[in-house]
Number of protein chains: 2
Amino acid sequence: MSDAHDVLFKTLADPTRRALFERLCREGEQTVGSLTAGAGVSQPAVSKHLGVLKQAGLVQDRQQGRQAHYSPRPGALVPLLDWTSEMAGFWERRFDDLEDLLKRMDQ
Amino acid sequence: MSDAHDVLFKTLADPTRRALFERLCREGEQTVGSLTAGAGVSQPAVSKHLGVLKQAGLVQDRQQGRQAHYSPRPGALVPLLDWTSEMAGFWERRFDDLEDLLKRMDQ
DNA sequence: CTGACTCATAACCAATGAGTAATATATTTA
DNA sequence: TAAATATATTACTCATTGGTTATGAGTCAG
């Protein structure tokens, strides 16, 4: 029952977590320490959020010594983009139908 | 602190609620009764979800006698589409930069 | 007017989840 | 080896929320 959309929406619904993901998208790969500075929460909280983001396939990590470098995973947002476009598309189509109907009635 | 993206993601994060919105997008305007049939939950639950969707600007309602007709609100998904495109765009840009760098190194 | 019908609201319960402090693990440095 | 550093994990608390049943408010039919 719990499809890809579910995981994506749930993961991005939390503002702290979404902010972390945004920073990674804007600024590229960063360590947990760097991300913790600026996030308004503790280091364990950041670690947990990164774990959730990783589980959702939104980020990947690379271990280097005692530091963990996280970066956004390209393509992870595609299902979200698809879903949104599809939903918007349904309305568009119905709007076209309505316009067609009105045009036909206008004749 | 709680911006439009927050409301949209939080609202769409619940699968039951997202399913209701999807049905409205696919099939167009429907009454609460019609929506309750098929949603796996009680009528009050559906009403509450519709209230949240309405609060988020994702749907609108129209009263007709004792029935409430709900329909998706066009344009409500635009901020979501924008955000997703923007995030995907950041990676794109960085990817281009990387390619440029590799090309320059190749010379 | 009365009873049936449609939907919203109220009151409550159980589960989820985001946060914390404390601690464990692993790596670098002195 | 011992201390310091970087991150993950554990155990816990607290607020939020999605679900329920019961009921209220409004509308239509007999």
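Here is how names work: the chains are called A, B, and so on, in the same order as the sequence lines, proteins then strands, and each is numbered from 1. Just so we're clear, the structure is a prediction, and the values are computed from it rather than from any experiment.
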### Message
Please confirm whether the shortest side-chain N or O distance from B/Tyr70 to OP1 or OP2 of C/dA8 is below 4.0 Å.
### Response
yes
### Query
What distance separates B/Gln55 CD from B/Leu50 CG, expressed to the nearest 0.5 Å?
13.0 Å
### Query
So which heavy atom on A/Arg18 is nearest to which on B/Asp6, and how close?
NH2-OD1, 2.6 Å
### Task
Output, in order, the C-alpha distance, side-chain angles, deciding distance and verdict of side-chain contact (heavy atoms from CB on, under 4.5 Å) for A/Val59 and A/Ser71.
CA-CA 5 Å; A/Val59 304; A/Ser71 52; over 6 Å; no
### Query
What is the distance from CG of B/Asp14 to P of C/dA15, rounded to the nearest Å?
17 Å
### Query
Any idea which heavy atoms bring B/Ala39 and B/Leu20 closest together, and the distance?
CB-CD2, 4.3 Å
#### Entry: Residues in contact with DNA chain D, drawn from residues 60-68 of chain A - heavy-atom cutoff 4.0 Å
A/Arg66, A/Gln67, A/Ala68
### Task
Name the first nucleotide and the last nucleotide along DNA chain D (5' to 3') that come under 4.0 Å of a heavy atom in chain A.
D/dA4 to D/dT9
### Message
Looking at every heavy atom in both B/Thr36 and B/Val41, which two are closest together, and how far apart are they?
### Response
CG2-O, 4.0 Å
### Query
Are side-chain heavy atoms of B/Leu80 and A/Phe9 found at a separation under 4.5 Å?
yes
### Donor-acceptor under 3.5 Å (B/Arg23 side chain, B/Leu35 main chain)
yes
### Task
Would you indicate whether the side-chain heavy atoms of A/Leu58 and A/Leu77 approach each other to under 4.5 Å?
yes
### Query
Going by number, which of residues 42-53 of chain B have a non-hydrogen atom under 4.0 Å from DNA chain D?
B/Ser42, B/Pro44, B/Ala45, B/Lys48, B/His49
### Task
Give a yes or no on whether the backbone of B/Gly57 and the side-chain of B/Arg73 come within a donor-acceptor separation of less than 3.5 Å.
yes
### Query
Taking B/Ser34 for the side chain and B/Gln30 for the main chain, is one N or O donor matched with an acceptor at less than 3.5 Å?
no
### Task
Name the residue closer to the 5' end of DNA chain C, choosing between A/Val41 and B/Ser34 according to the nucleotide with the nearest heavy atom.
B/Ser34
### Query
Which part of the nucleic acid, if any, lies within reach of B/Thr36 when heavy atoms closer than 4.0 Å are counted: base, sugar-phosphate only, or nothing?
nothing
